[in-house]
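Each chain gets a letter, A, B and so on, in the order the sequences are listed, and its residues count up from 1.
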Amino acid sequence: AQSVTQPDIHITVSEGASLELRCNYSYGATPYLFWYVQSPGQGLQLLLKYFSGDTLVQGIKGFEAEFKRSQSSFNLRKPSVHWSDAAEYFCAVGATGFQKLVFGTGTRLLVSP
Amino acid sequence: KAGVTQTPRYLIKTRGQQVTLSCSPISGHRSVSWYQQTPGQGLQFLFEYFSETQRNKGNFPGRFSGRQFSNSRSEMNVSTLELGDSALYLCASSLAGGSADTQYFGPGTRLTVL
């Protein structure tokens with residue numbers, strides 16, 4: 001069965017600084033990987049996804065993620081954080097043949113002025 | 001194109017009651033999935049419907065059920081509510097329900113059980 005680990009529960013970053021959110025997955029085959037963001041009281045918005053091909057994936061709002069098979073990781077990055085990026089970020093893995101997503105526990109991003 | 005809509009947005013029920021939540025997918029999407037989000041358990045998959053058939057089911061008791069209509073709209077029902085059912089229930093739709101399909105989430109229904 002697949003699983004996702006997001007080791008950081010909270011991260012605080014200064015506005016304008018770079019950001020990296022960690023995600024490790026466990027899945028026997030090539031995974032489908034996703035990053036979603038959730039603002040308070042809202043649903044989940046897709047930031048980016050990886051299915052195959054280029055291991056560096058570009059998403060919305062200036063986010064990117066890199067798939068590293070050797071490390072079973074799919075870390076999310078942004079070169080310069082804005083105050084509006086404060087939210088909770090979820091990494092998820094999908095399995096071949098199933099629509100079900102397995103989510104990590106999320107990382108709450110705080111942006112300090 | 002309108003996004004996924006969920007009604008109602010907020011619900012307060014008491015233990016033992018039952019509740020029905022509704023989800024309207026993005027136009028043209030045929031797959032609808034439901035997730036439960038709680039502080040303790042995080043986001044957990046409930047079930048997925050495609051063309052009015054349940055294709056996948058998560059590890060939840062039989063009190064949780066759902067259905068999908070011919071227009072792809074979906075409902076989920078929770079019977080005999082327990083305090084632990086208090087959660088944000090999220091609905092997601094995708095085009096064809098393939099594992100590579102992107103799921104688009106609605107804003108959720110916040111259920112509080114007293």
Participant: Determine, using the 4.5 Å side-chain heavy-atom cutoff (strictly less than), whether B:Leu114 and B:Val19 are members of one ILVMFWY cluster.
Facilitator: no

Participant: Would you indicate whether B:Asn59, at its atom CG, is surrounded by more than 12 heavy atoms from other residues, nucleotides or ligands within a distance under 6.0 Å?
Facilitator: no

Participant: Should we count CZ of B:Arg15 as having more than 12 external heavy atoms under 6.0 Å?
Facilitator: no

Participant: Holding to side-chain hydrogen bond (donor to acceptor under 3.5 Å, both in side chains), I want the full list of residues that pass it with A:Asn75, two or more places apart in sequence or in another chain.
Facilitator: A:Glu20

Participant: Can you tell me how far apart CD (B:Glu48) and CG (A:Leu101) are? Round to the nearest 0.5 Å.
Facilitator: 10.0 Å

Participant: Out of curiosity, does B:Leu21 fall in the hydrophobic cluster containing B:Leu83 (side-chain heavy atoms, cut-off under 4.5 Å, transitive links)?
Facilitator: yes

Participant: Side chain from CB out, backbone as N, CA, C, O: work out which of these in B:Leu43 comes under 4.5 Å of a heavy atom of chain A, or both, or neither.
Facilitator: both

Participant: With a 4.5 Å cut-off on side-chain heavy-atom distances among I, L, V, M, F, W and Y, is there a chain of contacts connecting A:Tyr27 to A:Trp35?
Facilitator: yes

Participant: For the atom pair OH (B:Tyr35) and CZ (A:Phe103), what is the distance rounded to the nearest 0.5 Å?
Facilitator: 5.5 Å

Participant: Taking only heavy atoms into account, what residues of residues 37-73 of chain A are found under 4.5 Å from chain B?
Facilitator: A:Gln38, A:Gly41, A:Gln42, A:Gly43, A:Leu44, A:Leu46, A:Lys49, A:Phe51

Participant: Hey, is CD1 on A:Ile9 packed in by over 12 heavy atoms from elsewhere, all under 6.0 Å?
Facilitator: no

Participant: According to a 4.5 Å side-chain heavy-atom criterion applied to Ile, Leu, Val, Met, Phe, Trp and Tyr, with indirect links allowed, do B:Tyr49 and B:Leu90 form part of one hydrophobic cluster?
Facilitator: no

Participant: So which part of B:Arg110 gets closer than 4.5 Å to some heavy atom of chain A, the side chain, the backbone, both or neither?
Facilitator: neither

Participant: Is B:Gln103 close to chain A through its backbone or its side chain, or both, or neither, when contacts mean heavy atoms under 4.5 Å?
Facilitator: both

Participant: With a 4.5 Å cut-off on side-chain heavy-atom distances among I, L, V, M, F, W and Y, is there a chain of contacts connecting B:Phe64 to B:Val113?
Facilitator: yes

Participant: Need one label for B:Leu46: side chain, backbone, both or neither, based on atoms under 4.5 Å from any heavy atom in chain A.
Facilitator: neither

